[in-house]
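Here's a structure for you.
Just so you know, residue 1 is the first one in the sequence shown, and it goes up from there. Small disclaimer: the values here were computed from a predicted structure and weren't measured.
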Amino acid sequence: ASGDGDGGPSSDFHVDSEGLQRQIDELASFSDSPAPSVTRVLYTDKDVQARRYIKGIMNQLGLAVREDAVGNIFGRWEGSEPELGAVATGSHVDAIPFSGKFDGVVGVLGALEAISLLKRSAFLPKRSLEVIMFTSEEPTRFGISCLGSRLMAGIEELAQSLRNVVDNQNVSFSDAAGSAGYKLHLEDLHSVFLKKDSYSAFIELHIEQGPILEKEGIPIGIVTAIAAPASLKVDFEGNGGHAGAVLMPARNDAGLAAAELALAVEKHVLESGSIDTVGTVGILQLHPGAINSIPSKSHLEIDVRDIDEKRRNDVIEKIRRSATQISKNRGVELSEFKIINQDPPALSDKSVVDAMEFAAKQLNLEYKKMISRAYHDSLFMARVSPMGMIFIPCYKGYSHKPEEYASPEDMANGVKVLALTMAKLSLE
Ligand code: GLV
Ligand code: MN
Ligand code: MN
Ligand code: MN
């Protein structure tokens, strides 16, 4: 079947685009910042409302709903051979401050629509199909990205470190989880680790968050690899003091040390010589934060990424050396230089890529193989399952800002490719 309207799969394969858009708009209303921006942070009331909303849809679809200790949510459609590894899909609905409606959300609500579509088409899965809503893909609250999927991948150090982390209001991870209804015993975190071979495949549908598909007029991106992200926390401390009374030679200004380090990050990134190396100082805080007080403390959080892990690590090493040098030159203390995560890249699995290509061809949708420069829960699911990702175009490549947008047609295409990919993998 060619899918060109003569009885191929696309002809009776109709995505409820209006319903999907309505759900996206409803979910966006659970936000701690005014529309069109969205702010939905881990374990806040809005996050809890979003969770309830997603579980409601899963229930309506007749999926068996389960939550693990940290609130990863699973909706399972049992296949005829439930003992086989399931085919899973999913993404996140947490949203960084003042972001948009589509990042992550398309991969959760779109996945649920893909399941609904398969049910409407009277498809009978052999391997079970599962939609996962991951807890805290975004690092907003505790500084740890992909928190739920990292734990699912069995990263023991994370299970340990979650015993001690606090948010910027000094709320511990377990207290925050408790306030969202997840009464954790920290020993429980091991229960989040996935059992071996739980999944035979994991596929994530996501907006591209880059401009390529839109610019080239291609409706589908098939992701072959996810770039390697890292993040660092740095603190400088100086003596502070009165902005009028302390003369310039007597100062050791922690704020200027941070400013100098921010510029050093840019310099080291550019020195890599590759357009694929990127670095961002997205957080820069000064204490006490008064116009007439010399900063006595500064705090930076630095994001560095590359498709080449070694090149990224070289940049991190240079940033470390600069931080040390700046602290010496300025007589400030480098009180912390901490690598929060330094993840390797992930490759998509050929079996999943083949299935995605098959699906796009069936649907007569042009596609392009590409890498993901953003990270996703797929980065960690790749450690425990063959992984692949489907990208759809988004307006001007905008993401992590309120202007983020994907059209209903593009979402429908992504949902169809996802549905067909899952169907195919379910029968293998
Ligand atoms: C995830 O949101 C990322 O920063 O890539
Ligand atoms: Mn994001
Ligand atoms: Mn995302
Ligand atoms: Mn992301």
Side-chain angles (χ1 to χ4, degrees), residues 24-54 70-71 91-109 133-150 162 165-173 175-177 179-180 206-210 229-235 258 262 265 278-287 289 297-305 340-341 373-377 394-406:
I24 287 172
D25 292 338
E26 257 172 60
L27 197 58
S29 73
F30 307 138
S31 169
D32 277 320
S33 61
S37 78
V38 180
T39 301
R40 201 162 41 237
V41 176
L42 175 66
Y43 299 146
T44 60
D45 288 351
K46 304 299 177 187
D47 181 49
V48 170
Q49 286 170 20
R51 290 166 176 279
R52 204 174 296 139
Y53 186 79
I54 297 298
V70 296
S91 195
H92 62 101
V93 304
D94 64 322
I96 68 165
F98 298 92
S99 60
K101 291 181 184 179
F102 297 87
D103 174 8
V105 167
V106 172
V108 177
L109 292 175
M133 195 216 83
F134 294 96
T135 285
S136 196
E137 190 258 3
E138 305 290 5
T140 315
R141 186 158 186 182
F142 291 101
I144 302 161
S145 62
C146 302
L147 197 155
S149 54
R150 271 180 209 272
L162 285 176
V165 296
V166 291
D167 69 7
N168 62 8
Q169 306 295 312
N170 245 346
V171 178
S172 71
F173 179 75
D175 285 350
S179 71
H206 207 283
I207 59 170
E208 182 198 334
Q209 304 180 288
S231 59
L232 323 173
K233 282 189 181 176
V234 183
D235 289 308
V265 168
V278 287
T280 306
V281 178
I283 295 179
L284 201 167
Q285 289 158 345
L286 305 180
H287 178 87
K297 291 185 202 167
S298 59
H299 172 79
L300 302 95
E301 298 192 17
I302 306 168
D303 180 303
V304 188
R305 311 186 193 199
I340 303 300
N341 62 288
R373 295 180 184 277
Y375 57 71
H376 305 279
D377 294 301
C394 57
Y395 174 63
K396 291 190 179 175
Y398 288 164
S399 189
H400 284 186
K401 55 184 197 166
E403 294 84 353
E404 191 177 81
Y405 176 76

If you measure from OG on S37 to CD on E403, what distance do you get to the nearest 0.5 Å?
-> 9.5 Å
Which residues pass the salt bridge (charged side-chain N to carboxylate O under 4.0 Å, His left out) test with R305, sequence neighbours left out?
-> D303
Identify the heavy atoms of N341 and P229 that sit nearest to each other, and give their distance.
-> ND2-O, 3.7 Å
Counting only N and O atoms by type, is there a donor-acceptor contact under 3.5 Å from the side chain of T39 to the main-chain atoms of F98?
-> yes
How about D45: does its CG atom have over 12 heavy atoms from other parts shown lying under 6.0 Å from it?
-> no
When rounded to the nearest 0.5 angstrom, what distance separates CG in L284 from CD in E301?
-> 10.0 Å
Whether R373 side chain and G210 backbone form a donor-acceptor pair below 3.5 Å = no
If you take all heavy atoms of Y43 and A176, which pair is closest and at what distance?
-> CB-O, 3.5 Å
Just checking, any donor-acceptor pair under 3.5 angstrom between side chains of Q285 and H287?
-> no
Got a sec, which residues hit side-chain contact (heavy atoms from CB on, under 4.5 Å) with Y53, two or more places apart in sequence or on another chain?
-> Q23, E26, L27, F30, I57, L109
Is there a donor-acceptor pair under 3.5 Å between the side chain of D167 and the backbone N or O of R141?
-> no
Lys/Arg-Asp/Glu bridge criterion (N-O < 4.0 Å) met for D235, K297 = no
Are Y375 and E137 close enough, and set up right, to give a side-chain contact (heavy atoms from CB on, under 4.5 Å), and what steps lead you there?
-> CA-CA 9 Å; Y375 57 71; E137 190 258 3; 3.6 Å; yes
Under 3.5 Å side-chain donor-acceptor pair for R150 and S136 | no
So which heavy atom on P139 is nearest to which on S145, and how close?
-> CB-N, 3.7 Å
OG/S91 to CE/M133 distance, rounded to the nearest 0.5 angstrom?
-> 10.0 Å
Taking all non-hydrogen atoms of both residues, which atom of Q209 and which atom of A374 are closest, and how far apart?
-> OE1-CB, 3.1 Å
Between OG1 of T135 and NE2 of H92, what distance do you get to the nearest 0.5 Å?
-> 12.0 Å
Does the S231 side chain pair with the main chain of I340, one donor and one acceptor, at a distance under 3.5 Å?
-> no
Locate the shortest heavy-atom distance separating D377 from S149; write the atom from each residue and the value.
-> OD1-OG, 2.7 Å
Donor-acceptor contact present, side-chain D94 to main-chain L42, <3.5 Å = no
Close side-chain approach of D32 and V41, heavy atoms under 4.5 Å | no
Worked verdict on L147 versus L162 for side-chain contact (heavy atoms from CB on, under 4.5 Å) = CA-CA 10 Å; L147 197 155; L162 285 176; 4.1 Å; yes
Got a sec, which residues hit side chain to side chain donor-acceptor pair (under 3.5 Å) with S31, two or more places apart in sequence or on another chain?
-> none
Which heavy atom of S399 sits nearest a heavy atom of I207, and at what distance?
-> OG-CD1, 4.0 Å
Flag, side chain of E404 to backbone of F102, donor-acceptor distance under 3.5 Å | yes
